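What you see is a predicted model; the values in this text were computed from it and never measured.
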Amino acid sequence: QLQLVESGGGLVQPGGSLRLSCAASGFTLDTYAVGWFRQAPGKERERVSCISPSSRTYYLDSLKGRFTISRDNTKNTVVYLQMSGLRPEDTAVYFCAARPNYCSGPLGYDFWGQGTQVTVSS
C-alpha cells in the first residue's frame with residue numbers, strides 16, 4: 001500500500017521547536033516533490049514548504065528562517081520539517097504530500113498523509 005505517514009507533532013511552548021517527519025511506504029521519494037501543508041480551524045490549507053527532487057526548497061514567506069525542510073538522502077523515504085521559534089499562530093494540523101517532479105500549490109499531489117497536530121501554547 002502506497003502511503004505517507006506524518007509524525008512528530010505535539011504540544012510545545014512558544015519559542016520551542018519540533019521536527020516533523022513524513023515517511024513514505026510502498027515507494028521512494030527521490031523522484032517526488034514533497035510539500036508540507038498546514039490547516040488551522042476555520043482557515044484554508046496553506047503550503048508551508050516544499051522540496052523538489054533536486055532538493056530545491058520553497059517556503060511561505062512569513063516562515064523563512066524558522067522552518068527548514070530537508071530530505072533523508074540515505075533512506076529516500078523520509079522528508080523532515082524542522083520548526084523553531086514556534087508561535088501560537090503556527091498551531092494547525094500539518095500534512096505532508098507528494099507529487100511527481102516539481103512543487104506546486106495544494107493541487108496535483110498524488111499522496112497525502114493523515115496529518116499531525118501541532119499546538120503552540122503556554
When you measure from the side chain of R38 to the backbone of A92, do you find a donor-acceptor pair of N or O atoms at a distance under 3.5 Å? no
Do S54 and S52 pair up side chain to side chain, a donor and an acceptor below 3.5 Å, judged on atom types alone? yes
Joint hydrophobic cluster, [X] plus [Y], side-chain heavy atoms closer than 4.5 Å:
| X | Y | answer |
| --- | --- | --- |
| I69 | L29 | yes |
| F37 | F111 | no |
| Y58 | V48 | no |

Assess the residue pair N73 and D30 against the criterion (side chain to side chain contact (heavy atoms under 4.5 Å, CB included)); give the C-alpha distance rounded to whole Å, side-chain angles, the decisive distance to 0.1 Å, and a yes or no. CA-CA 8 Å; N73 291 319; D30 49 332; over 6 Å; no
Quick one: are [X] and [Y] in side-chain contact, heavy atoms under 4.5 Å?
| X | Y | answer |
| --- | --- | --- |
| Y32 | P100 | yes |
| Q3 | Q114 | no |
| D90 | F67 | yes |
| W36 | R47 | no |
| V118 | T91 | no |
| L2 | D110 | no |
| T68 | M83 | no |
| T77 | S25 | no |

Between atom [atom1] of [X] and atom [atom2] of [Y], what is the distance when rounded to the nearest 0.5 Å?
| X | Y | atom1 | atom2 | answer |
| --- | --- | --- | --- | --- |
| Y80 | R71 | OH | CZ | 12.5 Å |
| F95 | L4 | CZ | CG | 12.5 Å |
| C96 | L20 | SG | CG | 9.0 Å |
| C22 | Y94 | SG | OH | 15.0 Å |

Do other residues, nucleotides or ligands put more than 12 heavy atoms under 6.0 Å from the CD atom of E89? yes
Is it true that the NZ or CZ of R99 lies under 6.0 Å from the centre of W112's six-membered ring and within 45 degrees of the ring axis? no
Can you tell me which residue among T116, L86, L81 is in a side chain to side chain contact (heavy atoms under 4.5 Å, CB included) with L18? L86
